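Below, chains carry the letters A, B, ... as their sequence lines are ordered, and counting in each starts from 1. Just so it is clear, the structure is predicted and the values come from calculations on it, not from any experiment.
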2 protein chains.
Amino acid sequence: MPSASQSGEVPARSKRADALRNQQTLLAAAAEVFVTSGVDAPIREIAAKAGVGMGTIYRNFPTRADLVVAVYRHQVEACAEAGPVLLAGADSPFAALRQWIGLFVDFLVTKHGLAGALQSDSSGFAALHTYFVERLEPVCAQLLDAAVAAGEIRPGTQPYELMRGIGNLCIGRDSDPRYDPRRLIGLLLDGLQQPRSP
Amino acid sequence: MPSASQSGEVPARSKRADALRNQQTLLAAAAEVFVTSGVDAPIREIAAKAGVGMGTIYRNFPTRADLVVAVYRHQVEACAEAGPVLLAGADSPFAALRQWIGLFVDFLVTKHGLAGALQSDSSGFAALHTYFVERLEPVCAQLLDAAVAAGEIRPGTQPYELMRGIGNLCIGRDSDPRYDPRRLIGLLLDGLQQPRSP
DNA sequence: TTACGATACGGAGCGGTGTTCCGCTTTGTC
DNA sequence: GACAAAGCGGAACACCGCTCCGTATCGTAA
């Protein structure tokens with residue numbers, strides 16, 4: 001496989017110049033709209049912001065997830081790559097895990113509605129969940145394994161379950177100031193350090 | 001307190017007989033539809049199942065939350081009342097807390113889409129969140145306080161935050177067999193038992 | 001029993017959303 | 001400059017929540 005291809009990233013050969021321009025315009029507009037109206041903003045709103053028709057959006061990003069993934073791909077990538085780096089640099093594997101989860105939470109919490117979209121099985125969001133899991137689950141697994149091997153946390157925790165739980169905890173952070181997912185996630189990590197539950 | 005009153009429970013004097021009949025029919029139909037299509041099933045579907053017009057639904061239950069609350073009121077009530085009972089009967093306050101949370105999770109997990117609706121700020125679901133919090137938060141607070149007083153868990157955890165986190169963790173349980181919120185909630189409880197996080 | 005106001009009912013209709021589809025425009029090439 | 005292919009836009013359709021009002025039903029007083 002010579003080219004990067006996949007979905008929204010790099011040009012993918014032999015597309016018309018105006019099409020490429022539109023793709024970039026769309027990504028910029030979507031990023032902007034996501035900030036103010038959340039990731040499930042009306043398609044029409046994004047189209048209007050970008051100055052294109054709805055057909056153009058659906059042609060470039062068939063499902064909503066494709067658009068969201070394209071917008072946040074860089075940040076997800078950065079988070080994924082931070083895993084091994086933290087593991088190499090931190091005081092201990094568990095410290096690395098804690099820091100990495102901090103990055104993940106920061107990312108989710110600053111993107112309005114993203115956490116909710118991540119588990120929403122309906123709409124075209126299914127692919128979003130898939131992308132996040134495929135990209136980040138192995139990273140999380142590596143950190144977990146290292147911490148287990150170091151004897152810092154109990155074994156048996158599945159990375160998928162942990163990530164999904166953290167994602168769920170980040171849902172709806174904005175709606176009530178009394179709710180701060182970080183405290184609960186800290187509790188979860190403390191729980192991991194317990195040798196065994198009764 | 002002589003009368004139950006409030007919203008969807010007991011007759012509330014001087015309503016027409018057919019109206020009361022319809023209210024009961026609606027509750028039964030809604031309960032049935034919620035099982036198969038989740039708590040955000042189309043209003044029209046519930047109306048059709050009950051054999052009434054949509055106007056009748058909105059007259060009896062102005063917001064979706066009112067309908068959901070009416071359908072599940074008994075179970076929420078039972079959960080709330082179980083709190084003090086467990087506290088009196090269990091081996092320790094923390095054991096009671098654990099059992100009570102088990103009841104709460106069982107309830108949420110068996111109602112398709114309820115957990116998600118609980119945090120969804122949009123639609124007419126806001127009142128649902130309010131009802132759950134008002135009814136169950138004090139119960140949770142009592143259990144937490146008792147466990148803290150017994151020295152079984154660290155102080156400082158807010159009941160609202162804990163309940164909301166548990167609710168969030170229960171979201172989307174059906175979509176993937178690898179995800180079981182109970183394990184994570186167990187982890188959370190283990191974390192509570194830690195004296196202090198670093 | 002009848003007659004009549006109050007009460008409740010039903011569903012057409014409105015506004016908003018996702019998604020499709022096809023006539024028209026733009027682009028790149030010969 | 002001409003012409004196919006690629007791309008564009010937005011009208012149109014389906015679905016949903018919610019409102020509103022003409023009509024049907026109920027309870028009661030005569």
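The nearest heavy atom of DNA chain D to Gly124(B) and to Arg59(B) marks one nucleotide each, and the one closer to the 5' end goes with Gly124(B). Ranked by how close their nearest DNA chain D nucleotide is to the 5' end, Gly51(A) and Pro62(B) are led by Gly51(A).
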Which side-chain N or O atoms in residues 124-147 of chain A pair as donor and acceptor under 3.5 Å with protein atoms at least two apart or in another chain?
{"residue": "His129(A)", "atom": "NE2", "partner": "Tyr160(A)", "partner atom": "OH", "Å": "3.4"}
{"residue": "Thr130(A)", "atom": "OG1", "partner": "Ala126(A)", "partner atom": "O", "Å": "3.3"}
{"residue": "Arg135(A)", "atom": "NE", "partner": "Glu77(A)", "partner atom": "OE1", "Å": "3.4"}
{"residue": "Arg135(A)", "atom": "NE", "partner": "Glu77(A)", "partner atom": "OE2", "Å": "2.8"}
{"residue": "Arg135(A)", "atom": "NH2", "partner": "Glu77(A)", "partner atom": "OE2", "Å": "2.8"}
{"residue": "Glu137(A)", "atom": "OE2", "partner": "Arg178(B)", "partner atom": "NH1", "Å": "3.3"}

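Not one N or O on the side chain of Arg173(A) forms a donor-acceptor pair closer than 3.5 Å with the backbone of Thr110(A). Trp100(B) places a side-chain N or O within donor-acceptor distance of the main-chain N or O of Cys79(B), the cut-off being under 3.5 Å.
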Can you name the atoms? Protein N/O to nucleotides 28-30 of chain C N/O, anything below 3.5 Å, with the distance.
{"residue": "dG28(C)", "atom": "OP1", "partner": "Ala17(A)", "partner atom": "N", "Å": "3.3"}

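Ion pairing between a basic and an acidic side chain is recognised when a charged N comes within 4.0 Å of a carboxylate O; Asp180(A) and Arg164(B) show no such pairing. Ion pairing of Asp66(A) with Arg73(A) is absent here, as no side-chain N (NZ or NE/NH1/NH2) approaches a carboxylate O to less than 4.0 Å.
Of the candidates dG18(C), dG10(C), dC8(D), the closest approach to any side-chain atom of Ile43(A) belongs to dG18(C). Looking at the side chain of Met54(A), the nearest of the listed nucleotides dG10(D), dA12(C), dC8(D) is dG10(D).
Contact annotation: Arg64(B) reaches the phosphate of dG17(D) (side-chain N/O to OP1 or OP2, under 4.0 Å). Put simply, Asn22(B) has no side-chain N or O that comes within less than 4.0 Å of OP1 or OP2 on dA8(C). Residue Thr56(B) places at least one side-chain N or O under 4.0 Å from the OP1 or OP2 atom of dG10(C).
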